[in-house]
Structure formats: C-alpha cells, structure tokens
There are 2 protein chains.
Amino acid sequence: MPASKTQKPAAPTAGARASKPPAAKPAELDFDLLPDLIGYQLRLTQLAIFGDFGSSLADQSISPGRFGVLVLIGANPGMTQSRLALATQLDRSTMVAVIDQLETRKLVERRAAPNDRRSNALWLTEDGKKLLRAMKRRVRSHEKHIAAALGDEDTARLIAMLARIREHLRPKRSDQA
Amino acid sequence: MPASKTQKPAAPTAGARASKPPAAKPAELDFDLLPDLIGYQLRLTQLAIFGDFGSSLADQSISPGRFGVLVLIGANPGMTQSRLALATQLDRSTMVAVIDQLETRKLVERRAAPNDRRSNALWLTEDGKKLLRAMKRRVRSHEKHIAAALGDEDTARLIAMLARIREHLRPKRSDQA
DNA sequence: GGGTATTGTTTGGTAGCCAAACTATACTAA
DNA sequence: TTAGTATAGTTTGGCTACCAAACAATACCC
C-alpha cells in the first residue's frame with residue numbers, strides 16, 4: 001500500500017454525477033471446473049459437516065479426530081499407540097501428543113502392556129467412558145440430522161460409493177475403515 | 001501392520017459384546033460406529049484422494065487448495081482478495097499469505113484495482129496461466145481415474161448428494177459452489 | 001551372544017487456519 | 001466540508017494438526 005498521497009482524489013467537485021452506471025456489481029463468480037471435482041466437493045462437505053459437528057461438540061472441545069481416537073480406544077481397550085496410529089493414519093510421533101493431551105484431560109490412561117514392555121496399553125478412564133458415551137449420543141443424533149438430507153437408502157449408497165473410491169484409489173491397504 | 005480386510009462391523013456376531021478374550025494376537029480392530037459416520041467416511045476418502053492428487057501434482061508442489069485458488073483467479077481475472085477469501089472460505093488474513101506465496105512463485109500478480117485503491121486485483125502471470133493449464137489437464141485425468149470407480153452416473157449422483165447435505169446443513173450461503 | 005526390528009519418544013519442522021488490531025481508502029450523512 | 005463508519009489488505013500472534021529423523025529401551029531371531 002503506497003503511503004504517499006501525492007495524487008488528487010478523483011475530484012468529485014465537478015458536477016458530473018449523472019451517470020453512476022451499474023456500479024460494477026461483483027458479478028457472479030465463476031468456479032470453473034471446481035464444482036465437478038470430487039475432491040473439491042468432499043472438502044466442502046467435510047468443512048460443513050465438521051463445522052456443524054464441531055459446534056455441536058464445542059462445549060467439550062473435542063475435535064472429530066479426538067473423538068475418533070476415543071472411540072477406538074473404547075472399542076479396543078488395551079490397544080497400543082502404534083496400532084492406534086495405524087488405524088487413524090497418523091504418525092506414531094503425532095499420536096504421542098494426542099495421547100498426552102487426552103491423558104492430561106484424564107480421559108485416557110497409559111498402562112503397562114502385558115506382553116511387551118515397550119508398548120503402552122491404552123484405556124479409557126471412567127471420565128473418558130462417560131464422556132465418550134455422551135458424545136456418541138450427540139454424534140448419532142447429529143448423524144441422523146445429516147442422513148435426513150438424503151434418506152437412509154441414499155446415505156448407505158453414499159457411504160458405499162466413498163468406500164468404492166478408496167478401494168479403487170489405493171489398491172491395497174488395511175487396518176483402516 | 002497385520003492386515004485384513006477393509007474392516008466390517010467387527011462385532012463378532014451381532015449382539016454379543018461383552019466378552020474380552022485376553023487377545024494374545026493383535027486381533028481385529030473394532031471401529032465401532034466410525035464407519036457409519038458420514039464425516040468419517042468423507043475424511044478417509046478425502047485423505048485418499050488428496051494423497052493421490054498430491055502425489056500426482058507433487059512435482060509442482062501445488063496443493064489442492066492452491067490449485068483451487070489458481071483456478072478461481074484464472075476464471076475471474078481481476079478479482080479481489082476478499083472475494084477470493086469468501087469463495088474459498090478462508091480468512092482474509094490467511095489469503096494474504098496465500099497470495100504472497102503465489103506471487104513469490106511468479107504465478108499471480110497483484111495489480112491496482114480500477115475503482116478501489118484499497119483492493120488488489122489479482123491476475124495470473126503467463127507462468128501462472130501455463131501452470132494452471134498443465135495442472136488442469138492432470139486434474140481432469142485424475143478425476144477421470146476416480147470417476148472410473150463409480151461410473152459417470154454414480155459420480156454425478158455422488159456430487160449431488162454431497163451438495164444436498166451441504167444445503168441441508170447450512171440453510172443458505174452464497175458465493176460458493 | 002549379536003544383529004535387527006519395533007515402540008514410544010523428542011525435536012524440529014511444515015501447512016493451514018483464525019482473530020484482533022492497524023493503516024489506507026471508500027462511503028454516507030449531517 | 002467534516003465526521004463517522006465500513007471495507008481491503010496487512011501484521012502479528014496464536015493454535016491445531018501433521019510429518020520425518022534420530023534415539024533409547026525393549027523384543028525378536030538366529
């Protein structure tokens with residue numbers, strides 16, 4: 001932004017005030033090929049859903065990702081961090097901070113793994129279980145709200161389509177849903 | 001990672017969900033309700049697509065988001081940063097860095113806006129146009145590859161479904177595709 | 001035993017994003 | 001004209017989320 005002010009302000013002094021043409025309306029934006037891109041549509045939709053999801057869980061300040069971690073630990077008590085990292089497609093080093101955070105909040109505990117002293121066995125605390133139950137309820141109701149836009153049948157079809165895309169994209173991969 | 005299938009309801013036989021055998025083996029992971037969540041599925045699919053997309057554009061080191069910005073500027077030459085921020089759902093302050101980056105790489109230019117000395121009019125440089133053309137080709141072919149997993153008809157249906165979800169979620173909003 | 005693989009961790013980096021405060025400019029109305 | 005207010009871009013500061021390399025402890029295999 002030029003700080004100089006050497007230029008005269010468009011002299012409104014002259015009475016030439018007659019023609020104020022269409023005033024150059026912003027005009028419609030052209031999104032070109034974007035709306036046809038599946039990745040773009042996915043991003044938009046995910047933004048919308050996560051925004052909604054987030055606001056619905058905001059008071060717990062648990063992000064969708066953290067919720068997923070809690071679910072996995074809840075459903076697979078005693079699992080290790082590495083397995084969890086694999087399942088969530090996060091790096092092991094990332095998972096350290098995630099568990100640190102959840103442990104600080106007293107939602108998750110690291111315990112000794114029975115067979116391997118390198119591993120941490122992850123368990124929900126009572127608080128964690130309680131919070132998870134409450135969040136699951138909300139998530140399910142939130143999900144119902146979304147599914148209402150499509151109907152059960154189309155919702156199932158949508159999920160199947162997404163799975164199909166993934167399978168087609170990455171020939172082989174496992175330990176992930 | 002021991003692997004298996006793309007995971008399934010996991011619950012070994014319906015209903016039974018109490019016993020916890022002292023699994024000596026990694027055992028199957030239970031993803032619980034996650035696979036039924038649209039948001040979760042979207043995230044997985046987006047990860048897969050963007051990963052693929054990214055690797056296909058890696059040599060240009062242009063992220064999907066940056067690509068979208070280039071497309072918008074290309075299709076709406078002279079548009080301002082604010083409009084662009086609105087269209088991409090980014091903050092205006094975020095857009096500054098984005099444009100800085102693209103300008104440094106000589107793909108985009110900030111020019112004086114004709115009617116408003118506060119605004120920057122954004123234009124692609126020749127390099128920008130060239131790169132955009134090349135990337136569009138790749139993106140389209142990439143898109144074809146994805147669509148091949150579904151077929152044209154289902155692809156269109158998928159996109160329509162996603163749009164429906166968004167509309168249902170956020171009552172109304174404009175300036176976005 | 002020795003070699004190698006794996007687990008969790010530390011460290012250091014990146015991308016991407018938002019919010020508040022600020023400057024320059026534009027618009028509006030007294 | 002002038003004052004008030006709104007807007008465009010920017011700066012600053014922060015935050016989340018992520019990866020990659022290196023490392024110690026432990027496990028596994030021969």
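Below, chain A is the first sequence line, B the second, and so on; all start at residue 1. Because the structure is a prediction, the values reported are computed rather than measured.
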Does [X] make a side-chain N or O approach to OP1 or OP2 of [N] shorter than 4.0 Å?
X      : N      : value
A:S82  : C:dT6  : no
A:N120 : C:dT9  : yes
B:Q81  : D:dT10 : yes
B:R92  : C:dC17 : no
B:R117 : C:dA26 : yes
A:R110 : C:dT9  : yes

What are the two closest non-hydrogen atoms of [X] and [Y], and how far apart are they?
X      : Y      : answer
A:F67  : A:I62  : N-CG2, 3.6 Å
A:A48  : B:R166 : CB-CG, 4.2 Å
A:A121 : A:A112 : CB-O, 3.9 Å
B:Q81  : B:V96  : NE2-CG2, 4.0 Å

How many whole angstroms separate atom [atom1] of [X] from atom [atom2] of [N]?
X      : N      : atom1 : atom2 : result
A:L86  : C:dG8  : CG    : P     : 11 Å
A:M95  : C:dT9  : CE    : C1'   : 14 Å
A:D91  : C:dT7  : CG    : C1'   : 12 Å
A:N115 : C:dT6  : CG    : P     : 17 Å
B:R83  : D:dG9  : CZ    : P     : 11 Å
B:D100 : D:dT11 : CG    : P     : 7 Å
B:R105 : C:dA15 : CZ    : P     : 10 Å
B:D116 : C:dT23 : CG    : C1'   : 14 Å

Would you call A:D127 and A:K130 a salt bridge, using N to O less than 4.0 angstrom?
-> no

Most 5' of A:I99 and A:R43 on DNA chain C, judged by nearest nucleotide = A:I99

Nearest-nucleotide pick for A:V96, side chain only, options being D:dC18, C:dG8, D:dG9 =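 Looking only at heavy atoms from C-beta outward on A:V96, the closest nucleotide is C:dG8.
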
Looking for any heavy atom pair under 4.0 Å, which part of the strands does A:T94 touch: base, sugar-phosphate only, or nothing?
-> base

Across the strands shown, which category fits B:S93 at heavy-atom distances under 4.0 angstrom: base, sugar-phosphate, nothing?
->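 The residue B:S93 makes base contact.
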
Residue mapping more 5' on DNA chain D - nearest nucleotide basis, A:G65 or A:R118 =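 Checking each residue's closest nucleotide, the 5'-ward one belongs to A:G65.
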
